[in-house]
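To start, the structure under review is shown below, and the notes come after it.
In what follows, every heavy atom counts, from backbone to side chain, and hydrogens, waters and symmetry copies are set aside. Note that ligands are numbered from 1 as they come in the structure, with each ligand's atoms numbered from 1 the same way.
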Amino acid sequence: MPFRNLGLDPKILQAVQEAGYTEPTPIQTAAIPPILAGSDLIGIAQTGTGKTAAFTLPILTKLAAVTGAGGQRGTRALVLAPTRELVLQIEENVRSYGKHLPLRVATVFGGVGEHPQINALRAGTQLIIACPGRLLDLMGRRCADFSGLQYLVLDEADRMLDMGFLPSIRQIVRSLPTKRQTLLFSATLSKEIEVLTHEVQ
Ligand code: AMP
């Protein structure tokens with residue numbers, strides 16, 4: 001199936017073309033239509049399969065539907081990822097696929113000063129890509145507004161569990177609106193991942 005039949009926003013399709021992608025990868029073909037339709041989803045996919053675009057392309061399409069019509073306050077999408085490197089990689093993807101959209105994106109991770117991140121959150125951002133530990137710190141200081149959150153992505157969920165982020169993830173998820181779409185990506189499907197999926201759905 002070509003990209004243009006998946007139901008993505010035309011401006012995002014243009015960016016995908018400019019990135020040189022000719023056809024969707026299997027995880028993209030499988031995941032994009034149900035995500036656009038509003039389903040929760042568990043994706044079992046390794047790095048290198050195109051999994052980042054599998055969730056960023058449909059989420060950006062959904063954000064574009066409102067951004068284009070004048071915008072909406074508060075953060076609408078949150079992506080949690082285990083490491084700073086992955087957060088930055090996801091951000092790079094989002095900025096590339098969203099380059100023709102008026103999109104506000106913020107990243108949150110530890111090991112660097114908090115103030116630029118706090119300022120970015122307070123300025124208002126539609127999409128936050130974050131490591132759980134630092135995000136929880138900033139949420140405790142009321143820097144993020146998740147009252148209008150609609151989309152939650154847990155990327156590399158197995159790695160986040162291995163790194164001991166389960167208590168932080170639980171705490172973050174507890175403070176999000178329950179009526180939302182949740183997407184979970186993991187390289188492996190273990191008992192722990194199954195338990196997590198029940199907790200976050
Ligand atoms: P990921 O699995 O998300 O880490 O993606 C691995 C690499 O594949 C990244 O460099 C992407 O830019 C690239 N990629 C993602 N989707 C496609 C596609 N449909 N065609 C060609 N390359 C892609």
Side-chain angles (χ1 to χ4, degrees), residues 1-37 39-65 76-101 103-111 125-132 134-135 150-163 165 169 181-190 192-193 196-197 200:
M1 189 193 279
F3 267 113
R4 66 174 181 283
N5 291 359
L6 291 176
L8 296 168
D9 182 273
K11 288 184 173 160
I12 294 168
L13 276 180
Q14 188 190 338
V16 163
Q17 240 175 14
E18 287 162 5
Y21 303 173
T22 51
E23 57 183 54
T25 66
I27 180 91
Q28 291 163 5
T29 305
I32 291 172
I35 296 173
L36 286 174
S39 301
D40 283 351
L41 184 130
I42 301 170
I44 304 300
Q46 321 269 340
T47 301
T49 54
K51 70 174 167 65
T52 315
F55 63 83
T56 51
L57 296 175
I59 286 179
L60 290 177
T61 292
K62 283 165 174 273
L63 295 182
R76 295 179 60 210
L78 170 65
V79 179
L80 293 178
T83 63
R84 165 190 177 153
E85 289 69 30
L86 189 60
V87 165
L88 293 173
Q89 214 174 298
I90 297 167
E91 181 196 21
E92 200 183 307
N93 277 254
V94 164
R95 291 202 188 276
S96 158
Y97 308 140
K99 68 180 176 182
H100 301 301
L101 300 171
L103 191 69
R104 292 189 309 277
V105 182
T107 54
V108 171
F109 46 79
T125 173
Q126 293 144 310
L127 171 64
I128 296 177
I129 309 161
C131 291
R134 170 65 67 91
L135 180 66
Q150 294 169 295
Y151 313 107
L152 169 67
V153 181
L154 303 178
D155 192 20
E156 303 207 355
D158 47 354
R159 258 173 95 195
M160 288 202 281
L161 294 189
D162 289 346
M163 291 170 71
F165 282 132
I169 293 172
Q181 189 174 358
T182 304
L183 313 174
L184 182 146
F185 288 83
S186 176
T188 55
L189 186 57
S190 61
E192 288 75 21
I193 289 292
L196 179 64
T197 60
V200 299

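Separation of atoms CG (Leu184) and CZ (Phe55) is listed at 11.0 Å; rounding is to 0.5 Å.
Applying the salt bridge (charged side-chain N to carboxylate O under 4.0 Å, His left out) test to every pair with at least one member in residues 6-16, sequence neighbours left out, gives no pairs at all.
Contact of the Leu78 side chain with the Tyr151 side chain is not registered, since no non-hydrogen atoms from C-beta on lie closer than 4.5 Å. Side chains of Thr47 and Thr52 form no contact here, defined as non-hydrogen atoms less than 4.5 Å apart. Lys51 is listed as a side-chain neighbour of Glu156, based on a closest heavy-atom distance under 4.5 Å.
Contact residues of ligand 1 (protein heavy atom closer than 4.0 angstrom to a ligand atom; sorted by chain and number): Phe3, Tyr21, Glu23, Pro24, Thr25, Gln28, Thr47, Gly48, Thr49, Gly50, Lys51, Thr52.
With Thr125 contributing its side chain and Leu127 its backbone, the two residues share a donor-acceptor pair below 3.5 Å.
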